[in-house]
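Quick notes on the structure that follows.
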Amino acid sequence: MSAYGPIKRAEIERDPLPTKKWTAGTAAAPSNYVTTHHLTISSARSLDGLLDYLSAVFAKEVDDGFTYPQEGEIDRPAFDSYFFAADVLVAIVGETGPIERTEGDVEIDINTARGVRPWNELWERLGFTRAGLIPRAGRLKKKDGQGEEYMDAYVFYKSFVEAA
């Protein structure tokens, strides 16, 4: 599945890091926030339907060809092996205050969630540090869908271990 070959997870699974919440407000939406949730394969399996949902979303994203350089079919075992080969952090954008919603799915695409900010600005506002640039890191479809091209990748870093 991975264009880089199989990825093997370390044998030791540690407890997930605690959920964190950051203010991500702007002048237009001062009460916005982002929460991050650390998932392990064990904690994800305990949430009914989550792995099937994440797998289906990931498979479609890979099939679209604009973000991940994976090749070949992505079934559930391949997804579990790849996606949970390292730490998984899920970020949720929200807002405080009364919100009229009923229980169930909330549909919002990722570009709406991040607003008009470029990805690097979003990560930097959340306290991540740009650690580097990998030139020509992945082969992706061109935006017009006609052929493929190599794209650069930014590497961001943030320690989630509390300072002593």
Side-chain angles (χ1 to χ4, degrees), residues 1-25 29 31-99 101-115 117 119-132 134 137-138 153-164:
M1 170 181 146
S2 170
Y4 311 111
I7 299 172
K8 183 163 175 52
R9 170 102 174 136
E11 297 298 320
I12 300 170
E13 185 172 306
R14 294 177 179 84
D15 290 335
L17 296 169
T19 294
K20 296 288 185 177
K21 179 179 178 182
W22 287 277
T23 300
S31 59
N32 286 359
Y33 63 89
V34 174
T35 56
T36 55
H37 309 270
H38 182 205
L39 294 177
T40 64
I41 190 69
S42 299
S43 64
R45 283 185 179 131
S46 72
L47 300 168
D48 189 34
L50 179 63
L51 285 172
D52 288 334
Y53 174 76
L54 291 174
S55 177
V57 169
F58 185 75
K60 182 188 178 317
E61 189 66 30
V62 169
D63 189 51
D64 288 347
F66 298 115
T67 54
Y68 289 91
Q70 276 69 9
E71 299 172 350
E73 185 173 334
I74 302 165
D75 57 13
R76 256 301 299 284
F79 169 79
D80 291 358
S81 170
Y82 172 78
F83 204 73
F84 286 93
D87 292 311
V88 174
L89 293 173
V90 175
I92 299 172
V93 177
E95 60 182 88
T96 57
I99 302 171
R101 283 199 188 120
T102 58
E103 191 172 312
D105 291 340
V106 176
E107 291 294 328
I108 183 170
D109 67 67
I110 194 69
N111 289 319
T112 302
R114 77 173 170 91
R117 293 179 295 279
W119 284 111
N120 61 316
E121 184 181 326
L122 178 64
W123 289 115
E124 288 165 355
R125 286 193 67 209
L126 293 173
F128 287 75
T129 301
R130 188 183 304 187
I134 304 171
Y154 290 103
V155 178
F156 284 89
Y157 168 81
K158 180 178 179 104
S159 174
F160 289 96
V161 177
E162 295 291 331

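Residues: numbered from 1 along the sequence shown.
- Residues L51 and Y53 have side chains not in contact (no heavy-atom distance under 4.5 Å, counting atoms from C-beta outward).
- None of D64, V62, D63 except one satisfies the side chain to side chain contact (heavy atoms under 4.5 Å, CB included) rule with K60; the exception is D64.
- A heavy-atom distance below 4.5 Å is found between the side chains of F79 and L54.
- A heavy-atom distance below 4.5 Å is not found between the side chains of Y33 and I92.
- The minimum heavy-atom distance between A91 and V34, with the atom names listed, is CB-CG1, 4.0 Å.
- Looking only at side-chain heavy atoms (C-beta outward), Y157 and R130 stay at 4.5 Å or farther from each other.
- In this structure, the side chains of F84 and V88 come closer than 4.5 Å at one or more pairs of heavy atoms.
- If you take NZ on K21 and NE2 on H37, they are separated by 10.5 Å, rounding to the nearest 0.5 Å.
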* How far apart are the C-alpha atoms of H38 and T36, what are their side-chain angles, what is the distance that settles it, and do they pass the side chain to side chain donor-acceptor pair (under 3.5 Å) test? -> CA-CA 7 Å; H38 182 205; T36 55; over 6 Å; no
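- Across all non-hydrogen atoms, the minimal contact from T40 to S43 is N-OG, 2.8 Å.
- Expressed to the nearest 0.5 Å, how far CD of E61 lies from CD1 of I74 amounts to 10.5 Å.
- D52 contributes atom CG, which lies 5.0 Å from atom CZ of R76 (distance to the nearest 0.5 angstrom).
- In this structure, F83 has its ring center closer than 6.0 angstrom to the ring center of F58.
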